[in-house]
Amino acid sequence: MKDLADNSAGAAGAAPGSPPAIELRGISKAFGPVQANKDISLSVAKGAIHGIIGENGAGKSTLMSILYGFYKADRGEILINGQPTEIPDSQAAIAAGIGMVFQHFKLVENFTVLENVVLGAEEGALLATTMSNARKHLTEIAEEYEMNVDPDAVIEEIGVGQQQRVEILKSLYRNAEILILDEPTGVLTPAEADHLFRILRGLRDEGKTIILITHKLREIMDVTDTVSVMRRGEMTATVKTAETSPEELAELMVGRKVLLRVDKKPAQPGATIVKVENLRVVDEDKVERLKGVSFEVRAGEILGIAGVAGNGQSELLNVLGGITAATGSIQINGNEIDLTGKHSDGRSRRERSIAHVPEDRQRAGLIMDFTAWENIVFGYQWDPAYSSGWLMDNAGIRAETEGKMERFDVRPPHPQLAAKNFSGGNQQKIVLAREIERNPDLLLVGQPTRGVDIGAIEFIHQRIIELRDAGKAILLVSVELDEIMGLSDRIAVMFDGRIMGERLPAETNEGELGLLMAGVTNGENS
Amino acid sequence: EPALIYDLGGKFDKSFNEAAFNGAERWAKDTGGSYREIEIQSEAQREQALRRFAEAGFNPVVTTGFAIAEIMGEVAKDYPDTKFVNVDGFLPEIPDNVLLISFQEHQGSYLVGMLAAMASESDTVGFIGGMDIPLIRHFGCGYAQGVKSVKPDAKIIANMTGTTPAAWNDPVKGSELAKAQISQGADVIYAAAGGTGVGVLQTAADENILSIGVDSNQNHLHPGKVLTSMLKRVDVAVYDAMTAGPDIETGKSMTLGLAEDGVGYAVDENNAELLSDDMKAAVEDAKAKIIAGEISVVSYYENSSCPAYDF
Amino acid sequence: MDFSTLIQILDSTLRLATPLLLACLAGLFSERSGIFDIGLEAKMLIAAFFSAAFAYSTGSVWLGLLAGIAASMVFAAIHGLASITFRGNQLISGVALNFLASGMTVLIAQNWFQQGGRTPSLIGGARFEGIELPFAIGPNEAAETGRPLSELLSEAGPLQLLYSELISGHSILVYVALAAVPATWWILYRTRFGLRLRAVGENPAAVDTAGVSVIGLRYAAVVIAGLLCGIAGAYLATGLQAGFVKDMTAGRGYIALAALIFAKWRPWYALGACLLFGALQALALRTDVAEAIFPFKMPVQLLDSLPYILTVVILAGFVGKAIPPRAGGQPYVKER
Amino acid sequence: MEVMPKWADVVLVPLISLVLAMIISALVILGIGEDPWAALKLMVQGALGSPYGWGYTLYYATNFIFTGLAVSVAFHAAMFNIGGEGQATLGGLGVALVCLALPWPHWALALPAATLGAALFGAAWAAIPAYLAAKRGSHIVITTIMFNFIGAAVLNYMLVNVLRPPSSMDPASAKFPDGTALPSFHDMFSPIIAFPKSVPANISFLIALVACLVVWLLIWRTRFGFELRAFGKSESAAVYAGISPTKIIMGSMLISGALAGMMAINTVQGEAGRLVLNSVEGAGFIGIAVALMGRSHPAGVLIAAILFGFLYQGGAELALWMSIPRELVVVIQGLVILFTGALDNMVRMPIERVFLWRRRSRQAAGE
Ligand SMILES: Nc1ncnc2c1ncn2[C@@H]1O[C@H](COP(=O)(O)OP(=O)(O)OP(=O)(O)O)[C@@H](O)[C@H]1O
Ligand SMILES: Nc1ncnc2c1ncn2[C@@H]1O[C@H](COP(=O)(O)OP(=O)(O)OP(=O)(O)O)[C@@H](O)[C@H]1O
Ligand SMILES: [Mg+2]
Ligand SMILES: [Mg+2]
């Protein structure tokens, strides 16, 4: 093991000689035949922010879940503040002062914020007093850390950023001294992420210890004191952040050099592929989600839609993808398409050569219980190419899947494996393989690299650029400004159901886009 | 050794299967003999049980319920040395080794209907059947005629419990039906509904009105509260068949009515006080007249309709 | 339909609704915790038998009630074992228990009492009697004044009639069932246990990571379901009836399940749904009323299926989509 | 990666579960004072030991295959169709109306027509709940429960008032014309295997086998099956893919209802030759257990259906020769469902551990 860091020193605020806040010794964990963690040791000083990086499936979440008592380690020892501590369940972890924000939030969707915070930490058998005290306490914490949330808001009705605050508040409410965050920024806007990091630094300065898992090296460099790298269940390196670089970390992680910037030639726009005019969407609750959106995308260019989540980007993708009905007009290659009725569904769109990589791969893009080969034709199962006579040509599809998995570097390359058994990055590659290899005239892409490791991000970006260079139109929606800036040929910013303005990447910067995303314009547009 | 095949309701149906079981038990106790029995669980088992018992040498093979009659007629031809007896069934042509026993339920029901009418103070009486099938209408029709013969203006309230097999085993619904009838004025209720009838009798006793049991003597269930029971002596028929053994006379059908004491009404210490001498006299008189043919009780079976009640 | 007929129908409604309501609330607890329960029928049936058997043997209906509850809880525990501990299929477990209860009750009854698979009739203290509430006109008052009850009732005003006939005079278990509705509501929405229970049916991982035992909560819910089904069964056999008859639940467990879905898994709605089902059934018993309402002679089969037809109509017309507890039916598996 | 080899999961676990169920059953049999060993021998001998036994076992199995497939198809679309009982009831009506409509000259003509009648009536009985589920969001469980009751009432009315020959007091239809009688196993296999003349198993069993194959093809090989499974696994993803929920709900339920209805050709046309009350005899509900135990796969359904056929016929033999109350057979059925269907993990977990341990030690040895 390459151990470059001297853990006992360095971290801010820790008294020299005091024991590390967390020490893991020889942790191993197997899920059936899969060895998720192999003999892992790690120590994190009190008052430090410690980053953990690694490819999808490296075992980061598993390790942290063990520390939090969610899983039980097969072997190994945990020491908290130097004391050997048994953590058989989360209750013990909470008692030991550990809080964790999971990669996939553990919130009760139809409960209020307050109920979620209180759950498991009630004061007594009756709720009345618990609730009023908790409300006070929660407001205090929220104010202290500038994390405003409405305690009576229902989880499923608030944005992911807010949901994450609730998760952090949950831990703080339980007086966590050690806070674990598993990919907290995957769903946050840059502004939200910045806010989160301010909070984390504040917590560190109070002497709390923080473990941060992320795929974004910039965040590691920004906020952590030390960082560990995991590969295939093993801890391969621990370094001081100040003494390393993103390039070095990337290489430690993936085992080869990774291109951290998007490399592309200037666009060569051709004929207009899609022309959208005055698109309007009213949702079930009679709220107008799109308020007259117009734009066009030409062949051979990528139009990036930037914006804070919840400002209409999802609806826009869904209308184009045939999931949501709308009014207004959309022309594809000069032909009007139906926005309501029988011929406005996803299949009709696919028949018009519109491919769609949805924002949520697990809820929409994939059937998690289907095998990879079934997912490779999902949405195109009606295509005669996949049938021979009455029946689907399963053998043919499987063979084709093997090719696609190879070209898209899906690991493991087993067409028979169920989608749920692939890591997030590989799930995303399956969706992309399916949609891109249709060679569509228009590709809709939502959040293509959410939760995906850097090796896979590089790959996914390259594929999207290749499709553009083949003369196809691409509409990219992402909350990652880096991604938007790096990939797009033009950038449109959405706010409150409207496009606030269009910019060329070379002629703008994050500051300007951020203002547009907040709805601040200098008189242009409405 | 005789064998007994119960109908789908099972031997604990609180109705004629249970009566058959009681008859067989009595025979076994009296003679020290043993018999084989089966409660079939599906339609297909009717033929299976008949053949298996016949092949195994059981004789006679006694069956209950009309549903088995037809297949029994066919199976009997394959086993000429075995005697087959059926209670309740009908066959257009009766093979030599088959005996069909049927009961004049309408006659017995007629008599209890008379008693109901005489005992009723409100001139409203009730009838609760298990399911709306001809057999149950047959019971109800005789009952209605008996009621009307005493009180032509009496009101008869009839209900059927349901349409699924659960209809025969829903005493709670029986209770509620009885209560509904009571609130419509009924003060005597005749139940022909298997296990559901248990609830009817119970509620009648609880609500202090009279009830009439069916098939076997149910007077003892609520002494002093059950006016009488319409007896259908399936137990006697089975007892006699088993007693006669392989020598039983077959190739015919036997209809057991009032004359043969195949049907009747129960009088015992439990209801002695409920039946006045006048009532008994009137009923005995009617019974004699029915036997003599002076009163004709119309069977619902004759042309699927009832002169005294519109089902 | 005059006033007293209306009261009689409502009275019948209440009696018919009571076992449904208890079973429905049982299902509510179980399913709110994420455990589907199509074994309500089984638990009621086994409780009906054991309550009657013990009430008969001991002469005490209260001991009978306890025995019924205990039996129902044993069945609940088997369901828990299969679906919580061993993460089996909850639907299969329920189906299996329905078979077991249907067979076991008759087998044991015959073995113990030799009365054709039923218990002997219960008398006196072995049955739940109706309770006469204060100021109600009932048998007690009739006995005191020495006048027949019907006469007293015919003199009573509508409110007094409503009180005496509809509110008063039921067995204690009816009041228990009615009280169970606000109690369930209170437990579910006003106690820590209820908060956790609702949470575990929606997202067990949230409960688990909050440091609360998923298994413990689910067992608790399943056992409460056993308790309530136990009361329901005892009410059938010792309250409404005076003994056990085979299969006497007659599909009420399934109707309770339908009521639960109808009620969208909420306690007050459950009361409404069960009363509605009870009322439809009570109405179907009244040929006289049906004949007065409908201008033609209805075949008995139509009358008999009226409650079911109306349920479908109401469901299609007025009740929106019912969203079950999100984690319902799935065992909580952390690692495979 | 799987922990256990497939054979252990498919054969070993169910087998041990079955043995456990049998042990508990044996205790119950002991409890009522009979000899469990003799009972077991009788059941196996009687149900599987002769063409006679198979003739009955497969007859019952035929019913359960149809109703089990019916539940399975709906299940794949995430529809819990508990209405098999009602749909099979109506299927019987369909068969009866077809068989009585014409003086059928030969079964080869009557069978397809009756099958169509059964399927149409069964599907029709599923259509209203399906439509309400698709268009009004009504819960399929409630509506199908209600339609079971309504179906029973319809049949009751039809038999008592319409189909019953005036001269008959039996609430049953007239006997079907001779030309509708289906070839039984005796007729079909007589030179090769000597099925007794009386066994009720008939050509419907072959239709059931074909139905298994067709359902398998439908679910796993056709586009509609693909869409149906996709919808069943994830409605949100199905909508993304442009799969119409209405089409899937209606399609799956109609197919399900048709399959349940087709059970009637076995009982009504094949065995009874007339329509009687309650000819379904709970097979609709058994279908739920069969589908769940067969993991909604036609092969699993086939095996589970034969297991239940065995329990039915074995139970009949018990009832015939041991004076065992029929409720005991119900208890045994319950135990088998419980152990093989719901408590299977109780057996699987320890076995998995054994396999994992063996694998680890082999890996350790290999390294
Ligand atoms: N609950 C589980 N059951 C079985 N296998 C699991 C489970 N959770 C994780 N695994 C397996 O353990 C390995 C490590 O997974 P883990 O979630 O820890 O990865 P990760 O590093 O967090 O990946 P990511 O970056 O995608 O979040 C993977 O191979 C995964 O398939
Ligand atoms: N309960 C589970 N059983 C089996 N495998 C699991 C389980 N939970 C997670 N996994 C596997 O663990 C791996 C990592 O899972 P994890 O929960 O970290 O999410 P993920 O796939 O990385 O998703 P994302 O990156 O989109 O957030 C995946 O291969 C997933 O299939
Ligand atoms: Mg992870
Ligand atoms: Mg991930």
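Within every chain, numbering begins at 1; the chains are lettered A, B, ... in the order of the sequence lines, protein sequences first and strands thereafter.
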Do you know which of C/Ser305, C/Ala250, C/Pro299, C/Ala284 has the most heavy-atom pairs under 4.5 Å to chain B? C/Ala250
Heavy-atom side-chain proximity of B/Gln184 to C/Arg286 below 4.5 angstrom: yes
Could you walk me through whether B/Ser175 and C/Arg15 pass the side-chain hydrogen bond (donor to acceptor under 3.5 Å, both in side chains) check? CA-CA 10 Å; B/Ser175 278; C/Arg15 284 189 302 266; over 6 Å; no
Below 4.5 Å, heavy-atom pairs only: which of B/Thr163, B/Val172, B/Asp132 has the largest tally toward chain C? B/Val172
Heavy-atom pair count under 4.5 Å with chain B, highest-scoring of C/Asp288, C/Asp247, C/Leu16, C/Val106: C/Asp288
Using a 4.5 angstrom heavy-atom cutoff, name the option from B/Met160, B/Gln181, B/Lys179 with the most pairs to chain C. B/Lys179
Over 12 non-hydrogen atoms of neighbours within 6.0 angstrom of CD in B/Glu273: no
Greater than 12 external heavy atoms within 6.0 Å of C/Tyr56's OH: no
What part of C/Glu129 gets within 4.5 angstrom of chain B, counting heavy atoms only: side chain, backbone, both, or neither? neither
When rounded to the nearest 0.5 angstrom, what distance separates OG1 in B/Thr203 from CG in C/Leu240? 8.5 Å
Inter-residue atom distance C/Leu285.CG - B/Glu176.CD, 0.5 Å rounding: 6.5 Å
Any salt bridge linking B/Asp170 with C/Arg252? Criterion: basic side-chain nitrogen under 4.0 Å from a carboxylate oxygen. yes
Distance (rounded to the nearest 0.5 Å) between B/Ser183 OG and C/Asp11 CG: 9.0 Å
Neighbour count above 12 (heavy atom, 6.0 Å) for C/Leu178 CG: yes
In Å and rounded to the nearest 0.5 Å, what is the OG to NZ distance from C/Ser12 to B/Lys173? 10.5 Å
In terms of side-chain geometry, is the basic nitrogen of C/Arg127 or B/Asp206 positioned less than 4.0 Å from the acidic oxygen of its partner? yes
Quick one: what part of B/Thr164 sits under 4.5 Å from any heavy atom of chain C, side chain, backbone, both or neither? neither
More than 12 heavy atoms from other groups under 6.0 Å of CD1 on C/Ile123: no
Closest approach of B/Asn159 and C/Thr287, non-hydrogen atoms and distance? ND2-OG1, 3.3 Å
Roughly how far, to the nearest 0.5 Å, is CD of C/Gln241 from CD of B/Gln202? 6.0 Å
Non-hydrogen atoms of C/Lys246 and B/Phe12 that approach each other most closely: CE-O, 4.2 Å
Residue selection (most heavy-atom pairs with chain B, distance under 4.5 Å) from C/Gln301, C/Gln281, C/Gln115: C/Gln301
Can you tell which part of B/Lys14 gets under 4.5 Å to a heavy atom of chain C, answering side chain, backbone, both or neither? side chain
